[in-house]
Colleague: 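Got a structure for you, written out below as structure tokens; questions coming shortly.
Small disclaimer: the values here were computed from a predicted structure and weren't measured. Because only heavy atoms are used, hydrogens play no part in the values below, and waters and symmetry mates are left out as well, while side chains stay in. In what follows, chains are A, B, ... by sequence order, proteins preceding strands, each numbered from 1.
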Amino acid sequence: MLNEGRFDLLARAPLLKRMLQARAFQPALMLATLAVFTLAILTGLAGTPAGSRNFGIIFVWIVWWALLIVVLVPFFGRFWCTVCPVPAPGEWLQRRAIVQRGPARPWTRGLRWSRRLKNMWLQNLGFLGVAVFSTIILTRPNVSALVLLGFLLAGVVLSALYKNRVFCRYVCPVGGFIGLYSLLSPVELRVADPDVCADHKTKDCITGNEAGYGCPWMVFPGNLTRNVYCGLCFECLKTCPKNNIVLNLRPFGSDLMVAKERRLDEAYKAFIMLGCALLYSVVLLGPWGWLKGWANMESLPHWGLYALGFVAFNLALLPGFFWLAVWGARRMTPARQPMRRLFVDYAYTLIPLGLAAWIAFSVGFVLVNGSYALSVLSDPFGWGWNLFGTADAAWTPLGATLIPFLQVGILTAGLLLALNTAYKIARQHHAHHRPAFLAALPVSGFALITTLGFLRLYLG
Amino acid sequence: MTRPPSPLSMRPRPIWVLFGLVTFAVLVAPLPGAAGAATREIALDATQFEFAPGRVHVNRGDRVVITLTASDVVHGFYLDGYGLERRVEPGITEQIAFTADKPGKFRFRCAVSCGPLHPFMIGELIVERNTPYWRAVGVVLVAAAGMLVHLWQSGKTRSSQEVINGTG
Ligand code: SF4
Ligand code: SF4
Ligand SMILES: [Cu+2]
């Protein structure tokens, strides 16, 4: 059953396997991203306050963001977590080593992470916390740099207090949504044969051995059925003495069907992400100046109202409407599962929809503002440098006529995947076709209305 | 459970031909145009970080004359799709004239860095009938209907296991 319909990448590409097994692979990429990250912090703190002239703003919120949401997350899942610089300093301090395996015991207080926090709720709240300030963070280089620095410090502090990558797994607001959307990605790390793991006494992937560390994401590869919490660090690929780790290509969205791991915190992550894509499209890309003023903290009471509305929309309004749709689905069929179960399960329909919405939203400003990247490359601080002769590159909006077509295509693809998902989830609750089809209709309607809402914002 | 014949050996079902035709119609059918062309004079003021009015409606074929002012700092005006660009300084009125010959929604953006929210200083010109929008709505509705028909047809004969695994 497991690995059926999968394409084993590492078996077909031994060179890729050798590369991923090399101890230097991850630190080399991390060093590169850490260098860019450091430059982004320095330019943010010391460079020009004009965002569009500042490397920190343009490279983080346009170049990195586009790469992440349009390429890495949809096609490679958590691959960003493989190369992310944020946990690097903390992890290297913890291990007292960068490339080769360091002393046996990692340097950390080794406290226990509270059971009640072993979920996505911190990441949900963290994301909302950043989101209500996002208009400020996206446009003020110094604020943006402080946020990045805050991430880095949080990574170091948590590494010193707790074992492993607690920050990545339970705290990082970015890691939360990458994990959720990696359910869709066509790449997965799994074990070839779970029985081999069950029979393996020492379980080197958990304990670590001379070839590498125990899983820093506190995951047991032998139990992996979804991508959410595997950070693709490839330590287990190095440590497993049974050569049992595989990297598979698979159909998009496969993990959405793993019913027994669906949880309310992840469902809420899906609501928050969809809700934020919708609100950002209204606030940032819309024509309503007063709303931008509120989001821009021009007066504190107005911003307070905005923040309140923002949070209420994501935590109450959107889930509330969805709850109604699920309630309708429940009324439509004789088999009555508990409401909460249905609510959580059907929320996974919103994962493809939300990712499509984020890509469509990002397409709306990344192409138009991409040309700033050329000028900040030559003059990262905005101090009048001209390193590569491109400092005076004029702002050239790209693809302005193409953008709406791309957005329609992306949103339609997301909607179709959502409808398909809704029906499949319904079939998990109903053995028979007809009741399942009916039960999927209200949720499908919700997805359709949401998509039409995005169309209205982008084209209407 | 009998396996259906390979898709290649199947003749297209009439229903899919129908969906193809409907999609095609949605994409190319002539939609009713808007009222006759006229000259439209629009006073547009730029301030940090908005244009007033934020949404401007004209009809396709209209001669559009925009009187552009800036009431705080230097701003710019760039119209998506039409590629028009102008810089505007406080106290100096700029005139931008063009024929709105393309239907749809076109954003106009500030084109001179004017402060933190400059990249999000955006207004909208809607050239009616906004046919691209209605066609997009049509495409989404037809696609959704097509998906539902597909799910209805393909799910009838398959067990839940087969549906969930995408087999059978
Ligand atoms: S070390 Fe390999 S075989 Fe052993 S439990 Fe881990 S993944 Fe399975
Ligand atoms: S399961 Fe393997 S690749 Fe995934 S985080 Fe753990 S050690 Fe890294
Ligand atoms: Cu401006």
Side-chain angles (χ1 to χ4, degrees), chain A residues 4-5 49-53 135-136 138-140 251 254 257 259 283-290 292-293 295-296 365 368-369 372 395 397 400-401 403-405 407-408 411-412 415-416 419-420 423-424 427-428 430-434 436-437 440-441 444 447-448 451-452 455-456 458-460, chain B residues 47-56 76 78-83 85 102 104-109 111-113 115-124 126 130 132-137 139-141 143-144 146-148 150-152 155-167:
Chain A
E4 188 186 314
S52 45
R53 296 269 153 226
T135 306
I136 305 283
L138 287 175
T139 56
R140 308 311 197 272
S254 308
M257 288 305 124
V283 176
L284 295 175
L285 302 185
W288 301 285
W290 59 271
K292 295 182 214 270
N296 195 27
F365 70 90
V368 166
N369 294 307
Y372 287 128
W395 173 68
T401 39
I403 290 170
F405 294 98
Q407 289 173 322
V408 173
L411 288 169
T412 309
L415 174 65
L416 294 186
L419 298 185
N420 190 27
Y423 173 69
K424 284 181 166 183
R427 279 303 287 263
Q428 289 178 326
H430 304 279
H432 296 292
H433 166 66
R434 209 184 130 83
F437 189 84
L441 282 181
S444 303
L448 178 64
T451 306
L452 292 176
L455 281 191
R456 178 75 223 297
Y458 295 148
L459 278 83
Chain B
T47 52
Q48 285 171 328
F49 298 95
E50 64 178 310
F51 291 98
R55 260 168 88 89
V56 176
Y78 174 89
L79 181 57
D80 283 6
Y82 286 80
E85 189 167 347
K102 281 173 267 186
K105 167 151 112 178
F106 303 92
R107 288 189 168 78
F108 41 92
R109 309 163 185 280
V112 174
S113 202
L117 262 65
H118 154 72
F120 304 115
M121 181 168 162
I122 295 170
E124 296 173 349
I126 292 98
N130 188 350
Y133 171 57
W134 293 112
R135 290 194 204 287
V137 169
V139 165
V140 164
L141 290 177
M147 190 58 166
L148 290 182
H150 165 71
L151 291 173
W152 176 260
K156 262 193 296 202
T157 53
R158 295 194 298 170
S159 72
S160 286
Q161 248 341 294
E162 289 170 324
V163 167
I164 291 156
N165 298 332
T167 52

Colleague: Contact part of A:Val368 toward chain B, heavy-atom cut-off under 4.5 Å: side chain, backbone, both or neither?
Modeller: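 Interface part for A:Val368: side chain.
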Colleague: Just wondering, do B:Val112 and A:Trp395 contact through their side chains at under 4.5 Å, heavy atoms?
Modeller: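 A:Trp395 does not reach B:Val112 side chain to side chain.
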Colleague: What residue, out of A:Thr412, A:Thr401, A:Val408, A:Asn420, has the most heavy-atom pairs lying under 4.5 Å from chain B?
Modeller: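 Option with the top pair count is A:Asn420.
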Colleague: Would you say the side chain of B:Val140 lies within less than 4.5 Å of the side chain of A:Leu411, judging by non-hydrogen atoms?
Modeller: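 Not touching, per the 4.5 Å side-chain cut-off.
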Colleague: Select one option (side chain, backbone, both, neither) describing which atoms of A:Leu284 are under 4.5 Å from chain B's heavy atoms.
Modeller: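 Contact with chain B: backbone and side chain both.
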Colleague: Could you tell me which non-hydrogen atom of A:Tyr372 sits nearest to which non-hydrogen atom of B:His118, and how far apart they are?
Modeller: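 Heavy atoms only, the tightest pair is OH-NE2, 3.2 Å.
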Colleague: At a 4.5 Å cut-off on heavy atoms, which part of A:Leu448 comes close to chain B: side chain, backbone, both, or neither?
Modeller: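 Just its side chain gets close to chain B.
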Colleague: Going by heavy atoms in the side chains, are B:Asn130 and A:Leu459 under 4.5 Å from each other?
Modeller: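 The answer is no, as the side chains (C-beta and beyond) never meet within the 4.5 Å cut-off.
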Colleague: If you count heavy-atom pairs within less than 4.5 Å of chain A, which of B:Trp134, B:Phe49, B:Trp152 leads?
Modeller: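 Max contact count across the listed options: B:Trp152.
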Colleague: Would you check if A:Trp288 and B:Glu50 make a side-chain contact, meaning some heavy-atom pair closer than 4.5 Å?
Modeller: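 They are not in contact (no side-chain heavy atoms under 4.5 Å apart), so the answer is no.
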Colleague: So which of B:Val137, B:Leu148, B:Ile126 has the biggest tally of heavy-atom pairs under 4.5 Å with chain A?
Modeller: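 Between B:Val137, B:Leu148, B:Ile126, the count favours B:Leu148.
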Colleague: Where does B:Ala111 contact chain A at under 4.5 Å (heavy atoms): side chain, backbone, both or neither?
Modeller: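 Contact with chain A is through both the backbone and side chain of B:Ala111.
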Colleague: Which residue, A:Arg427, A:His433, A:Lys424, forms the side-chain hydrogen bond (donor to acceptor under 3.5 Å, both in side chains) with B:Ser160?
Modeller: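 Considering A:Arg427, A:His433, A:Lys424, a side-chain hydrogen bond (donor to acceptor under 3.5 Å, both in side chains) with B:Ser160 is found only for A:Arg427.
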Colleague: Are any non-hydrogen side-chain atoms of B:Phe120 and A:Thr135 less than 4.5 angstrom apart?
Modeller: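 No. Closest side-chain heavy atoms not under 4.5 Å.
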Colleague: What option among B:Gly54, B:Pro116, B:Ala136, B:Gly123 has the most heavy-atom pairs under 4.5 Å with chain A?
Modeller: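 Ranked by heavy-atom pairs under 4.5 Å with chain A, first place is B:Pro116.
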Colleague: So which part of B:Tyr78 gets closer than 4.5 Å to some heavy atom of chain A, the side chain, the backbone, both or neither?
Modeller: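 For B:Tyr78, side-chain heavy atoms alone lie under 4.5 Å from chain A.
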Colleague: With a 4.5 angstrom heavy-atom cut-off, which part of A:Arg456 approaches chain B: side chain, backbone, both or neither?
Modeller: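 Both parts, backbone and side chain.
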